[in-house]
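I have placed the structure first, in the form of structure tokens, so that the comments after it can refer back to it.
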Amino acid sequence: MSEVIIRRMTMDDVVAVHAIEAATFPKPWSKEDFEKEMTQNRCARYLVAEEDGNVIGFAGAWIVLDEAHVTNIAVTKECRGRGIGKMLTEGLMQYAANLGVVYATLEVRRSNIVAQNLYKKLNFEYVGVRKRYYEDNGEDAFLYCCQHMPSPDPDFEEEESVSEE
């Protein structure tokens with residue numbers, strides 16, 4: 001296996017990210033949704049996992065003030081079970097912390113035990129349930145929150161978050 005690189009998503013990644021989304025979720029976001037996230041949503045931040053030049057996973061969050069709301073995390077079926085979801089989630093949490101986030105929230109399907117176990121390992125705590133949250137089958141979503149974010153990297157800079165006074 002080659003090295004897996006976690007990096008910021010670009011517009012060039014949208015087609016691959018959408019393909020992973022479509023293969024993973026019953027009601028996937030459209031390619032246009034991801035294009036809007038990249039070009040119009042100033043709160044959106046996405047990372048991809050890349051191996052041998054191929055995008056094999058992605059994770060996204062909306063950053064609003066001091067909160068990160070995780071929107072979606074997915075890994076190609078053939079690459080699951082290798083810790084890539086964990087790498088993406090940890091990378092996303094570090095990225096968010098670098099932007100001043102102090103807590104993260106997310107929803108996860110009641111039936112998605114693998115994801116729930118990952119989130120618990122990363123210090124997310126169950127805080128409640130959203131009844132019939134998922135439109136495709138009416139499944140409940142468990143709401144998780146993490147108030148134990150990584151320490152921000154003091155050398156982090158992001159072009160669009162640096163203001164010139």
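Below, all heavy atoms of this structure are taken into account, side chains as well, without hydrogens, waters or symmetry copies.
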Quick check against the 3.5 Å criterion: does Asp66 have a side-chain atom that pairs as donor or acceptor with the backbone of Val101? no
Answer yes or no: does atom CZ of Arg7 have more than 12 heavy-atom neighbours from other residues, nucleotides or ligands under 6.0 Å? yes
Are any of the side-chain nitrogens in Lys36 or Glu32 under 4.0 Å away from the carboxylate oxygens of its partner? no
Across all chains, not counting sequence neighbours, the side-chain contact (heavy atoms from CB on, under 4.5 Å) partners of Asn137 are Arg109, Tyr134, Glu139
Indicate whether any N or O donor in one side chain lies under 3.5 Å from an N or O acceptor in the other, for Gln94 and Asn98. yes
So for atom CD, which belongs to Glu35, do other residues, nucleotides or ligands contribute more than 12 heavy atoms lying within a distance under 6.0 Å? yes
Using the side-chain contact (heavy atoms from CB on, under 4.5 Å) criterion, which residues pair with Phe25? Sequence neighbours excluded. Glu21, Asn72, Ala74
Answer yes or no: does atom CG of Leu65 have more than 12 heavy-atom neighbours from other residues, nucleotides or ligands under 6.0 Å? no
Do Phe156 and Tyr95 have ring centroids that are under 6.0 Å from one another? yes
Is it the case that the side chains of Tyr46 and Thr71 hold a donor-acceptor pair, with the cut-off being a distance below 3.5 Å and no angle test? yes
May I ask you to check whether Tyr119 and Phe142 place their ring centers less than 6.0 Å from one another? no
Quick one: does any side-chain atom of Arg42 pair with a main-chain N or O of Thr39 as donor and acceptor, under 3.5 Å? no
Donor-acceptor under 3.5 Å (Asn117 side chain, Val114 main chain): no
Is Ile73 linked to Leu118 within one hydrophobic cluster, defined over Ile, Leu, Val, Met, Phe, Trp and Tyr using a side-chain heavy-atom separation of less than 4.5 Å? yes
